Amino acid sequence: MLIMIKRLFPLLLAIVTVACKSPQLRPPAIGLIADSAMVVSAHPLASEVGARILKQGGNAVDAAVATQLVLAVVYPSAGNLGGGGFMVLRKHDGTLHSLDYREKAPELSYTDMYLDETGKVKRGLSEKGHLSSGVPGSVAGMFESHARHGFLSWKELVQPAVDLALAGFPVTPRQAHSLNDLQDTLRRYNTITPEFLLKEWHEGDTIVWEDLGHTLERIRDEGAAGFYRGKTADDIVAEMRRGNGLITHADLQAYQPVWRSPVTGTYKDFKVISMGPPSSGGIALLQLLSSVEKYPIQEWGHNAPKTVHLMTEAQRRVYADRAAWLGDPDFFKVPVSQMISKSYNESRMRSFDPRKATPSKVIREGDALKESHETTHLSVVDQYGNAVAVTTTLNDSYGSAVVVAGSGFFLNDEMDDFSIKPGEPNMYGVTGGEANKIEPNKRMLSSMTPTILERNGKLFMVLGTPGGSTIITSVFQTIVNVIEFEMHMQQAVNAKRIHSQWLPEVVFPESGALSNQDSLTLVSMGHRFDAEYWDGIGRVDAIRVLPDGRLEGGADPRGDDASAGW
Ligand code: GLY
């Protein structure tokens, strides 16, 4: 079988190592090109399994499920069974679907659960440990998407993850580094220490996930019930009891993913299809695209001061709206159609001054919410013309840091994506409001933005990224890079990113995104910069359909991400 794969383990491990070690080595400008089908994800082994599932006749949903399950093994900082996510699907017949399998607040949760008697936030409780976990949605979401749209048998999709968990796989240099950073946290937050993870890790060491492998076998044999009932559910509930968490058997048995209408809009002659609430991502992306649509950014240039100024001003307005208006639509009436209408966004930009920054406090009083940078995205296009964008998360890196004893997977710390107290900063120093307060069985607000673009009724691009609140601006910039600056998919992914979000009132550029002169020009317009440049904003994994129908992958060089296709 001809599977072309970039930076594939173990054959090309040497190349990965060189690429990771050498800052001089530039990522390629053109990504992997495939004739028929492609998967781009955060780990070479996951992309390879996804592409193999497609080669076996599976469709994009099958490949997305198998890839997610493998990520739960080989990319445990964000790939998950114990978290949640969103899927956006465009079928070959042009029909659009989106599945919400975001975590939910447990039945026993309550609005002030992270406050002490005086109303002060008890720092840390929503960020790590048992009380930070929402009821996981990932397994139910994968099972439901397969039941509705899959083609191969469920067992065929789960087996590769079982095999990798039980046989083991080599850790990448990045993973060795991240696992070494995790050692104290693992000791601190686990009631039964996961001894198999405690050691000094080196590149190429093998991780075997014995308990996780058996959990995956139960999921393979019993479907979603292999997670939400029986031994896995017993292990989660026992873990909660030992660590004073809130998730019960009733929470697990009641969890249901929800098919929701995707949000859609246009940018010039492109149709943009993305995830609606409880993600803020799709709405905010459509707002940003509408806000900049009528300006000549192609003429101004990529990351030129005028372009950065315009985008920053659009972002201020959009993130102010996000804080006030977005939450779980089952609990809070989100004004979706107004927020994404062209006229509304044009009216928001009427106060845009091309010469100077508008102070955030003038734009609106309110709060913005920022989430963790540890999430993961995968994009799939299959040989039948179906396209899938999935973004899934544990929230923070390795979620709550709690490994469910006996079942061997990390639980999320997604409760921190709620506004734990109106006006009070969360773990990233930003605040949230009423729409996103904690209520039992409510889904916490997300920024995840799995997105698909069409042009003239045909599939054009599939993309998404991790990055908390930088997800939205990373997806926005990647789209603009392709459409306005005519970059290849890989080039658009490689390009340096710049983030801002209303509050804090600061522009965050990646190192090298702006020249000193351009930074000074922006400062003279009233913009402020973070004291330090950010190492990496987002990890976009994307696929573009080329004019001749072939596919170009864009795998983000900021991680171990890889394209695989044939
Ligand atoms: N926890 C990241 C997000 O949902 O946006």
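Order of listing sets the numbers, starting from 1, for every ligand and every atom in it. None of the values given here were measured: they were computed from a predicted structure.
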| request: Please identify each residue that fulfils side chain to side chain contact (heavy atoms under 4.5 Å, CB included) with Asn180, with sequence neighbours left out. | output: Glu200, Trp201

| query | For Lys122, does the NZ atom have more than 12 heavy-atom neighbours from other residues, nucleotides or ligands under 6.0 Å away? | reply | yes

| Can a non-hydrogen atom of Arg102 be found less than 4.0 Å from any atom of ligand 1? | yes

| request: Would you mind checking if Arg443 and Glu103 are paired as a salt bridge, meaning a charged N to carboxylate O distance below 4.0 Å? | output: no

Please list, in number order, the atoms of ligand 1 under 4.0 Å from a heavy atom of [X].
| X | value |
| --- | --- |
| Glu414 | 1 (N) |
| Thr375 | 2 (C) |
| Met448 | 3 (C), 4 (O), 5 (O) |

| field | Min N/O separation Ser446 to ligand 1 under 3.5 Å | value | yes

| message | Looking at every heavy atom in both Pro136 and Leu411, which two are closest together, and how far apart are they? | response | CG-CD2, 4.0 Å

| request: Hey, can you tell me if Trp209 and Phe410 have their rings parallel, tilted or perpendicular (30° and 60° cut-offs)? | output: perpendicular

